[in-house]
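When a residue number appears, it is its place in the shown sequence, counting from 1.
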Amino acid sequence: MPAFEDEALDLPMPKPSLEELAQSLQNEARSLQAVIPAAIVYGLSDLTHEELRTIEPVWNPLPAVAKHRILHSLNEASEAMFELNFREIALLCLEDASSLVRAASIDLLWIDESAVTMRALMKMAASDDDAAVRARALEHLGRFILLGEYGDVPADLAAEAQSLVYGIHSDPEEPVEIRRRSLEALANSSHPKVSGLIETAYADGNHELRIGAIYAMGRTCNSIWRAKLMDELESADGECVFEAIRACGQIQLKEAARRVGEFTLSDDQEIQMIAIWSLGEIGGRQAFDILGSLDEIVTDDDSRAAIDEALDKAGFSLSFASLGLETDDDP
């Protein structure tokens, strides 16, 4: 259930004045309600730097729990309405004293691709005093490393980020969660040591590093991991299975379509949903047929929506293949 007034957001609404925004924020400091007023959502969107400076004296004294609740709601709103932009308030909160607020502000920058945000994430990944915040920063830094592969961030900055996460992962004194997230981030790159690092983490014996290695296999989009992923689909460990299903989709492993298809009937909704998504990514006739038959028996609205989206994706790959452009992996 959205933690913001979604019905109000569906309607055109003039941007509140700074005075109205300030009053709404002050009210939230004392509120026990989970729902955030639309005035705050619209008011904190598209703030100019000057407007942010004006609202800071009101925002900064808010209790951490209120800030966290607001930022979480802003994140939900930004996913529902892409035109909303909370960059200024999110950047401000990266420096907040509360680790919960800092982590929430990182999530709120999910759509931002600026060098300013990338550098901020690098700093937090390297030196934030809370391990959970560092892990969150590393997770989001991975998308910037991927952007670097496409040439969408400066090459020197991309190289700096790769060097940073490589160093973090290679440090045995770092917490396992941090080493895991740094490997997952680095796997978005063509760094020459990625494959070896994944192999080492997979064989390490630490469960969390193994999960991270399976996730990283998918991020490489490299079919060299097919045998390991097929093995992991038979694992008794639910986390390993989940990540293996996702990785099969990311590398479009067509030989996994039948086994992944079996997971679409799982009682575990997370497994079911990732299997549906993966079939859409895998594509090909077998994946398309499995999704089509599933569409006839599934009644849950969320699952049906996921199936429709996956069918569209798999259908596109079939159309692509009909032009004689199938890859060698296609059956």
Side-chain angles (χ1 to χ4, degrees), residues 68 71-72 75 87 90-91 93-96 98-150 152-202 204 206-222 239-240 242-243 246-247 250:
H68 181 264
L71 292 174
H72 178 72
N75 194 26
R87 182 173 184 269
L91 288 175
C93 291
L94 292 178
E95 304 289 337
D96 197 89
S98 166
S99 60
L100 287 176
V101 172
R102 295 197 302 277
S105 66
I106 291 173
D107 289 341
L108 189 52
L109 288 164
W110 66 274
I111 201 170
D112 189 275
E113 299 180 352
S114 68
V116 170
T117 293
M118 185 176 180
R119 288 195 178 279
L121 292 175
M122 291 167 63
K123 178 182 176 181
M124 297 176 84
S127 60
D128 195 277
D129 59 10
D130 187 275
V133 173
R134 291 185 66 200
R136 192 71 59 85
L138 284 163
E139 287 183 63
H140 285 261
L141 193 55
R143 65 185 171 89
F144 282 96
I145 290 176
L146 182 61
L147 287 172
E149 293 294 298
Y150 296 139
D152 292 334
V153 299
D156 58 340
L157 188 55
E160 186 180 345
Q162 288 186 31
S163 178
L164 171 67
V165 298
Y166 174 75
I168 292 173
H169 177 74
S170 301
D171 184 354
E173 298 300 315
E174 289 282 10
V176 171
E177 169 72 2
I178 299 300
R179 296 188 64 225
R180 169 188 172 177
R181 298 305 178 187
S182 58
L183 175 62
E184 292 175 352
L186 189 63
N188 288 286
S189 75
S190 53
H191 192 287
K193 293 187 179 294
V194 165
S195 294
L197 293 176
I198 292 175
E199 289 277 10
T200 301
Y202 185 72
D204 182 88
N206 180 279
H207 179 260
E208 194 161 350
L209 282 179
R210 187 180 184 89
I211 296 298
I214 298 171
Y215 174 90
M217 290 175 190
R219 297 307 301 168
T220 67
C221 298
N222 193 326
E239 288 185 83
C240 289
F242 180 92
E243 293 301 346
R246 172 157 56 186
Q250 289 172 326

How far apart are the C-alpha atoms of I214 and C240, what are their side-chain angles, what is the distance that settles it, and do they pass the side-chain contact (heavy atoms from CB on, under 4.5 Å) test?
-> CA-CA 7 Å; I214 298 171; C240 289; 3.9 Å; yes
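- Closest of all the heavy-atom pairs between M124 and A137 is CB-CB, 4.0 Å.
- Inspection of the S114 and R87 side chains reveals an N or O donor paired with an N or O acceptor under 3.5 Å.
- To the nearest 0.5 Å, atom CG of residue L197 and atom CZ of residue R179 are 9.0 Å apart.
- The CZ atom of R181 sits 14.5 Å away from atom CD of E174, with the distance rounded to the nearest 0.5 Å.
- Judged as a ring pair (Phe, Tyr, Trp, His ring centres under 6.0 Å), not a single pair has a partner in residues 100-130 (not counting sequence neighbours).
- No side-chain heavy atom of E149 sits under 4.5 Å from any side-chain heavy atom of N188.
- Proximity of L121 to L109: side-chain heavy atoms (C-beta onward) are nowhere separated by under 4.5 Å.
- Using a 4.5 Å heavy-atom threshold, the side chains of T117 and E113 count as separate.
- L108 has its side chain out of reach of H72: every pair of non-hydrogen atoms, C-beta onward, lies at least 4.5 Å apart.
- In plain terms, the two heavy atoms of V133 and S99 that are nearest each other are CG2-O, 3.4 Å.
- Distance check: H140 NE2 to R136 CZ gives 6.5 Å after rounding to the nearest 0.5 Å.
- For the pair S163 (side chain) and E160 (backbone), a donor-acceptor distance under 3.5 Å is absent.
- The shortest non-hydrogen separation linking A201 to L183 is CB-CD2, 3.6 Å.
- Once rounded to the nearest 0.5 Å, the distance linking CD of E139 with CZ of R180 reads 8.0 Å.
- Summarising the geometry, atom CD1 belonging to I145 is positioned 11.0 Å from atom CZ belonging to R219; distances are rounded to the nearest 0.5 Å.
- Annotation: side chain to side chain donor-acceptor pair (under 3.5 Å) contacts of H68 (sequence neighbours excluded): none.
- Salt bridge absent: E243 and R210 never bring a charged side-chain N and a carboxylate O closer than 4.0 Å.
- Side-chain atoms of S189 come within 3.5 Å of backbone atoms of L186 as a donor-acceptor pair (strictly under, hydrogens ignored).
- Judged purely by atom type and a 3.5 angstrom limit, R134 uses its side chain to pair as donor or acceptor with the backbone of A125.
- Residues F144 and M122 are not in side-chain contact: their nearest non-hydrogen atoms beyond the backbone lie 4.5 Å or more apart.
- Heavy-atom minimum distance, S105 versus L94: OG-CD2, 3.1 Å.
- If you take CG on D107 and SG on C93, they are separated by 12.5 Å, rounding to the nearest 0.5 Å.
- Contact record, A187 with V194: CA-CG1, 4.1 Å, taken as the closest heavy-atom pair.
- When every heavy atom of N206 is checked against every heavy atom of L209, the shortest pair comes out as OD1-N, 3.0 Å.
- Salt-bridge annotation for D129 and R102: present, with a side-chain N of the basic residue lying under 4.0 Å from a carboxylate O of the acidic one.
- No side-chain heavy atom of D171 sits less than 4.5 Å from a side-chain heavy atom of I178.
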